[in-house]
Amino acid sequence: MTDTPTRADFDRYMVPNYAPQQRIPVRGEGSRLWDQDGREYVDFAGGIAVNSLGHCHPVLVDALKAQADKLWHLSNVYTNEPALKLARALTERTFADKVYLCSSGGEANEAALKLARRWAHDTHGENKHKIVSFRQSFHGRTFFTVSVGGQPKYSQGFGPVPGGIVHGEFNNLDSVRELIDADTCAVIVEPLQGEGGIVPATQAFLEGLRALCDEHQALLIFDEVQSGMGRPGTLFAYMRYGVTPDILTSAKSLGGGFPVGAMLTTDRIAPVFKLGTHGSTYGGNALGSAVALAALEYIDTPEVLEGVQRRHERFREHLDTLNSKHGVFQGVRGMGLLIGAQMAPEYEGRAKEILPLAIEEGVMALIAGPNVLRMAPSLVIPEADIDEGMARLDRAIARFVESA
Ligand SMILES: *Cc1c(COP(=O)(O)O)cnc(C)c1O
């Protein structure tokens, strides 16, 4: 008995940079999870937009097991078949000609930002190094990516930040016009801001960014770590907008739960990453690549992508019904299966309080900042699980409103 870990062990043995919920899930299947006591939950959190096919989807389990028996890792001194297949599949399905593989979203963005800096340095000279990013954006936790991200609380307190980074206002093109100039090497943006509160870019904003980048010979980077891989109802969000970036980053749903990231770019830009300019020991390892390839081939089909849109509507209907009863939200937004419900003014800053109540009622959800309840479930969540999870969320919110 004493061998079974408890939540208290977290506080005892782990660096206190997280505050996980009290319950410890031990098993998952599809969109359901079970904790140490055998209690069952509907999963609307999806490991923060990661478990794109739910838990232990047979297609991913089979890919993982088959590869586990063959070959795990070689280093980049050798290449491997799964990585080559994944890179080919990603280029065939997107604007990209070339792919760099890594193990997380932060690493994919680190690579994207270094590539943009290097490209500008090699083609235009030293001065072209400025990066335009946006307030409330999130691009990862490496020191470069937190510095580029638009949430100062994540980058402050670590000493001097890298220079040449400026932040405009998301969905405000004028703010970009004031910042962009001949020294700008890149504009980095999430087509759908995730951590910043599930805020989709407007069509005019992304089109305007594309035009401004072209005018100033800067690269347009789309961070689709959260918004991509089927979640918007298309393979990537840029496809919905019809605005093509120069560099795109993917992770989260790409591996369906296995740590994988990718940076996609074009033949115009890729060559500046010459031999030795950048790298990662685990990037493109056979195991991760095999799982990501299986996820990509499964997700990028009309059945799954149309299913995402259908499920989006079902979530919306439930949220509208729930809200007409309880009046906790002032609006619902998002795309596909990345959905945010903004708290009404009287519940300002209190989205977080819903989560433990939801867990007690048997449903797992997320927040995106203090004012938004977020849902990022499996792209193939059964409709019955949506209904059941929403019934549980309804009870949790009734309790939240009572106690408020
Ligand atoms: C989660 C996230 C990242 C960071 O990904 P990690 O895998 O945690 O490094 C970067 N960008 C966006 C938009 C994200 O949502």
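Each ligand, and each atom within it, is numbered from 1 in the order the structure gives. What you see is a predicted model, and the numbers here were worked out from it, not measured in a lab.
In terms of polar-atom proximity, defined here as any N/O pair under 3.5 Å, G105 does make such a contact with ligand 1. Geometrically, ligand 1 and E107 share no nitrogen or oxygen pair separated by less than 3.5 Å. In terms of polar-atom proximity, defined here as any N/O pair under 3.5 Å, F138 does make such a contact with ligand 1.
Close contacts of ligand 1 with G140, meaning ligand atoms under 4.0 Å from a residue heavy atom, involve 4 (C), 10 (C). Each of the atoms 10 (C), 11 (N) of ligand 1 lies under 4.0 Å from some heavy atom of H139. Atoms of ligand 1 lying under 4.0 Å from at least one heavy atom of N109, given by number and element, are 10 (C), 11 (N). Close approach to E190 involves these atoms of ligand 1, each under 4.0 Å from a residue heavy atom: 13 (C). Near S104, meaning under 4.0 Å from any of its heavy atoms, are these atoms of ligand 1: 7 (O), 9 (O).
A cation-pi arrangement is present between R141 and Y154 under the rule of less than 6.0 angstrom and at most 45 degrees off the ring axis.
Using a 4.0 Å cut-off between charged nitrogen and carboxylate oxygen, R177 and E215 do not count as a salt-bridge pair. The existence of a salt bridge linking D69 and K65 is excluded, since no basic side-chain nitrogen approaches an acidic carboxylate oxygen closer than 4.0 Å. Using a cut-off of 4.0 Å between Lys/Arg side-chain N and Asp/Glu carboxylate O, K128 and D183 are scored as not salt-bridged. Classification of E207 and R210 as a salt-bridged pair fails, no side-chain N sitting under 4.0 Å from a carboxylate O.
From the protein, the heavy atom lying nearest to atom 9 (O) of ligand 1 is G106 N, 2.6 Å. Nearest non-hydrogen protein atom to atom 1 (C) of ligand 1 is K252 NZ, 1.5 Å. For atom 11 (N) of ligand 1, the closest non-hydrogen atom of the protein is D223 OD2, 2.7 Å.
If you look at H139 and F144, their ring centroids are not closer than 6.0 Å. Taking the centre of each ring, F236 and Y241 stay at or above the 6.0 Å mark.
Per-atom contact check: atom 5 (O) of ligand 1 touches the protein, criterion being a heavy-atom distance below 4.0 Å.
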Would you give me the side-chain donor-acceptor pairs under 3.5 Å for residues 255-267, sequence neighbours excluded?
{"unit_1": "T265", "atom_1": "OG1", "unit_2": "D246", "atom_2": "O", "d": "2.9"}
{"unit_1": "D267", "atom_1": "OD1", "unit_2": "K98", "atom_2": "NZ", "d": "2.7"}

